[in-house]
Novice: 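My structure is below; once you've seen it, I'll send some questions.
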Amino acid sequence: MPIIPKHMNKVSVNFQNMSYSYLDESSRGQSGRDTEQENISGRVLRVISFCDDIMRKLNLFKKKSKGQEKLFNMMSIFTSYNLNHVRIIYFDEPENFLDEEFLKVIAEFSGILLECNFVIRVATHNSRLLNILKVDLEDIIFFTNHSQFTVDEDEVKDLYRITSTQIESIRAEKKIQIDASIQYKLDLLNHPHAFDSFIEQNLKSEEFYRCLFYKQVIIVEGNSDITALSSMKNAFDSSLEIFNPNGKAFIPFFVELFIKLRKEVTVIIDGDIPVLEENTSLRHPVAITHYLKAVEARNEIKLVIHTPDLEGFYNIDLVQIGNYLGMSSAVRNHNRGWHKSLAAFIFFRDEGNRQRLKNHILGRAEESLFEFQ
């Protein structure tokens with residue numbers, strides 16, 4: 001339903017002469033003039049033409065669904081009031097009742113409004129809508145505990161620069177060998193096209209947007225961790241989302257970003273096994289582990305280390321499960337990631353194994369704690 005100032009009376013649209021016609025409520029019955037007309041401005045015409053087109057298509061349905069009815073009513077609002085002098089438009093949870101295709105209509109409509117120089121504010125609890133709209137992080141206003149805040153692009157770059165610099169300082173101090181891939185990722189700010197692509201891929205993903213709506217975020221190193229932890233997402237007493245940053249090198253940046261977004265952060269990584277080389281016994285990922293341990297020491301995150309890895313820590317027999325699945329050793333060796341993910345799924349289907357994982361990650365026994373914010 002629209003909330004319209006009293007002076008904005010309803011209008012009808014005349015597409016032939018591109019004008020609004022509306023009743024002058026203040027002078028009705030007091031003069032011979034029953035209606036007033038006003039030319040539709042160029043920026044508004046595109047908006048109401050889009051709305052009119054959607055309404056005509058929806059009118060082809062004799063009986064509208066709740067979503068069709070919602071979309072029709074929304075479009076009707078924009079053709080029922082004079083938009084010539086409107087600058088800011090607020091949407092309150094426009095996603096309600098709308099399926100995937102109708103969300104795309106709302107996204108297209110939002111793009112048109114922005115191109116026509118309207119300012120849009122949207123209140124939403126829908127990560128899919130954010131994903132379709134591809135909203136920049138700096139354009140999101142967060143409300144929490146009766147306060148609000150934003151995070152701009154420069155702050156994001158600063159977080160990346162600071163974390164990368166500190167990791168490289170740790171690596172140099174402890175004489176840890178360089179991994180070219182990790183060093184490139186940490187040096188991403190010096191490759192603007194690569195960094196912009198990284199932001200586009202990761203901070204405009206539905207996985208990231210989902211994290212914005214949860215109190216607790218668990219950052220994991222691998223896909224098998226996500227598989228193992230998937231059941232925890234559905235536990236009623238756990239307001240959490242699981243996030244995979246696609247590489248251990250990116251974990252510190254996302255740790256600092258989620259802390260800045262006022263999330264409770266848990267990080268799950270594998271233990272780092274030193275490999276004897278010419279001049280050193282430590283690999284580059286060890287520097288990242290040291291960084292995360294320092295953040296944990298400041299009580300800013302909870303760090304969970306599975307040594308040597310998830311499978312070894314919980315004694316998941318990969319060979320036995322591989323045989324159970326009918327996998328030969330050749331198949332297992334050529335599909336290690338997939339094999340480990342399937343093994344985690346099967347192992348943690350057992351309630352006892354799930355509970356053991358949950359207690360270890362959350363650091364408490366099973367209990368029913370409800371918190372609503």
Side-chain angles (χ1 to χ4, degrees), residues 1-5 7-22 37-61 64-142 150 152-153 196 199-201 203-206 208-209 212-213:
M1 293 298 294
I3 301 175
I4 303 293
H7 67 273
M8 291 184 64
N9 301 309
K10 278 197 168 186
V11 299
S12 61
V13 177
N14 188 326
F15 283 101
Q16 289 185 335
N17 59 11
M18 302 303 177
S19 66
Y20 283 126
S21 298
Y22 57 96
Q37 285 192 339
E38 182 178 332
N39 290 333
I40 300 172
S41 67
R43 76 181 185 110
V44 171
L45 184 59
R46 187 180 171 198
V47 173
I48 61 176
S49 295
F50 178 88
C51 295
D52 183 67
D53 180 59
I54 297 298
M55 290 167 64
R56 284 190 291 103
K57 290 175 180 176
L58 290 172
N59 269 333
L60 295 176
F61 296 91
K64 296 181 180 63
S65 67
K66 204 71 175 175
Q68 291 167 338
E69 194 175 289
K70 163 75 177 285
L71 186 60
F72 183 90
N73 290 342
M74 187 183 297
M75 297 296 102
S76 176
I77 290 168
F78 284 89
T79 59
S80 299
Y81 294 89
N82 186 336
L83 302 180
N84 282 348
H85 312 292
V86 172
R87 179 172 174 267
I88 303 175
I89 297 172
Y90 295 88
F91 291 95
D92 185 16
E93 300 186 13
E95 69 272 10
N96 290 344
F97 303 111
L98 302 185
D99 61 16
E100 178 81 3
E101 294 306 311
F102 283 175
L103 283 178
K104 291 177 182 176
V105 173
I106 296 301
E108 184 180 0
F109 183 49
S110 299
I112 290 173
L113 288 170
L114 290 173
E115 289 171 8
C116 294
N117 297 317
F118 286 92
V119 175
I120 302 175
R121 294 292 180 264
V122 182
T124 183
H125 293 88
N126 191 289
S127 59
R128 183 60 185 149
L129 179 62
L130 292 179
N131 186 229
I132 294 174
L133 291 171
K134 293 295 179 187
V135 180
D136 291 330
L137 181 60
E138 64 181 356
D139 289 329
I140 299 176
I141 303 172
F142 297 90
T150 59
D152 63 34
E153 182 181 348
D196 290 344
I199 293 297
E200 182 76 20
Q201 184 180 24
L203 267 62
K204 293 186 179 182
S205 68
E206 189 165 357
F208 178 76
Y209 289 134
L212 304 182
F213 296 95

Novice: Counting C-beta onward and ignoring hydrogens, is there a side-chain heavy-atom pair between Leu58 and Phe102 closer than 4.5 Å?
Specialist: yes
Novice: Rounded to the nearest 0.5 Å, how far does CG of Leu114 lie from CD1 of Ile120?
Specialist: 4.0 Å
Novice: When rounded to the nearest 0.5 angstrom, what is the spacing between CZ in Arg43 and CG in Leu83?
Specialist: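 So the gap between those two atoms works out to 8.0 Å.
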Novice: Parallel, tilted or perpendicular, judged at 30° and 60°: which one describes the rings of Phe109 and Phe91?
Specialist: perpendicular
Novice: With a distance cut-off below 6.0 Å to the six-membered ring centre and an angular limit of 45° from the axis, does Lys64 pair with Phe72 as a cation-pi contact?
Specialist: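 Relative to the ring axis of Phe72, which defines the angle, Lys64 lies inside both limits.
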Novice: With side chain to side chain contact (heavy atoms under 4.5 Å, CB included) as the criterion, how do Glu95 and Leu103 come out once you've worked through the C-alpha distance, each side chain's angles and the decisive distance to 0.1 Å?
Specialist: CA-CA 6 Å; Glu95 69 272 10; Leu103 283 178; 3.6 Å; yes
Novice: Considering all heavy atoms of both residues, which atom of Ser49 and which atom of Leu45 are nearest to each other, and what is their separation?
Specialist: OG-O, 2.8 Å
Novice: I need the Thr124 OG1 to Asn96 CG distance, nearest 0.5 Å.
Specialist: 8.0 Å
Novice: Hey, could you give me the OG/CD1 distance between Ser127 and Ile132, rounded to the nearest 0.5 Å?
Specialist: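 Between atom OG of Ser127 and atom CD1 of Ile132 there are 9.5 Å.
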Novice: Taking atom NZ of Lys134 as the centre, does the number of heavy atoms from other residues, nucleotides or ligands within less than 6.0 Å exceed 12?
Specialist: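 Yes, because the 6.0 Å sphere around NZ of Lys134 holds more than 12 heavy atoms from other groups.
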Novice: Would you mind reporting whether Met75 and Lys57 have side-chain heavy atoms less than 4.5 Å apart?
Specialist: no
Novice: Minimum heavy-atom separation for Asn82 and Val11, please, with both atom names.
Specialist: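 Heavy atoms of Asn82 and Val11 come nearest at N-CG2, 3.8 Å.
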Novice: Supply the atom-to-atom distance Met74 CE to Ile77 CD1, rounded to the nearest 0.5 angstrom.
Specialist: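 Reported value, rounded in 0.5 Å steps: 7.0 Å.
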Novice: For a side chain to side chain contact (heavy atoms under 4.5 Å, CB included) with Thr150, tell me which candidate from Asp139, Ile140, Ile141, Leu137 qualifies.
Specialist: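 Running side chain to side chain contact (heavy atoms under 4.5 Å, CB included) over Asp139, Ile140, Ile141, Leu137 with Thr150 returns exactly one hit, Ile141.
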Novice: Looking only at heavy atoms, which two atoms of Thr79 and Met55 are closest? And how far apart?
Specialist: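 Between these two residues, the closest heavy atoms are OG1-SD, 3.8 Å.
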Novice: Could you go through Leu129 and Val135, starting from their C-alpha distance and side-chain angles, then the distance that decides it, and tell me whether this counts as side chain to side chain contact (heavy atoms under 4.5 Å, CB included)?
Specialist: CA-CA 9 Å; Leu129 179 62; Val135 180; over 6 Å; no
Novice: Not counting sequence neighbours, which residues clear salt bridge (Lys or Arg N to Asp or Glu O under 4.0 Å) with Arg56? List them please.
Specialist: Asp52, Asp53
Novice: Please tell me whether Ser19 and Asn14 have a donor and an acceptor in their side chains that are separated by less than 3.5 angstrom.
Specialist: no
Novice: Identify the heavy atoms of Phe213 and His125 that sit nearest to each other, and give their distance.
Specialist: CE2-CA, 3.3 Å
Novice: Would you say Lys70's side chain and Pro94's backbone share a donor-acceptor pair under 3.5 angstrom?
Specialist: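 Yes; judged by distance alone, with no hydrogens or angles, the pair exists.
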Novice: For Val44 and Phe118, run side chain to side chain contact (heavy atoms under 4.5 Å, CB included): C-alpha distance rounded to whole Å, both residues' side-chain angles, the deciding distance at 0.1 Å, then the answer.
Specialist: CA-CA 9 Å; Val44 171; Phe118 286 92; 4.1 Å; yes
Novice: Could you give all pairs that pass the salt bridge (charged side-chain N to carboxylate O under 4.0 Å, His left out) test and reach residues 112-124, with sequence neighbours left out?
Specialist: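 Qualifying pairs: Arg46-Glu115.
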Novice: Looking at residues at least two apart in the chain, or sitting in another chain, which of them share a salt bridge (Lys or Arg N to Asp or Glu O under 4.0 Å) with Glu200?
Specialist: Lys204
Novice: Are any side-chain N or O atoms of Asn84 and backbone N or O atoms of Asn39, one a donor and one an acceptor, separated by less than 3.5 Å?
Specialist: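 Here the side-chain-to-backbone pair exists.
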Novice: How many angstroms lie between atom NZ of Lys104 and atom CG of Leu133, to the nearest 0.5 angstrom?
Specialist: 12.5 Å
Novice: Please find the pair of heavy atoms, one from Phe78 and one from Ile89, that lie closest to each other, and give the distance.
Specialist: CE2-CD1, 3.5 Å
Novice: Of all heavy-atom pairs between Asn131 and Arg128, which one has the smallest distance, and what is that distance?
Specialist: OD1-NH1, 2.6 Å
Novice: Please test Ile199 against Glu153 for side chain to side chain contact (heavy atoms under 4.5 Å, CB included), starting from the C-alpha separation and ending with a verdict.
Specialist: CA-CA 10 Å; Ile199 293 297; Glu153 182 181 348; over 6 Å; no
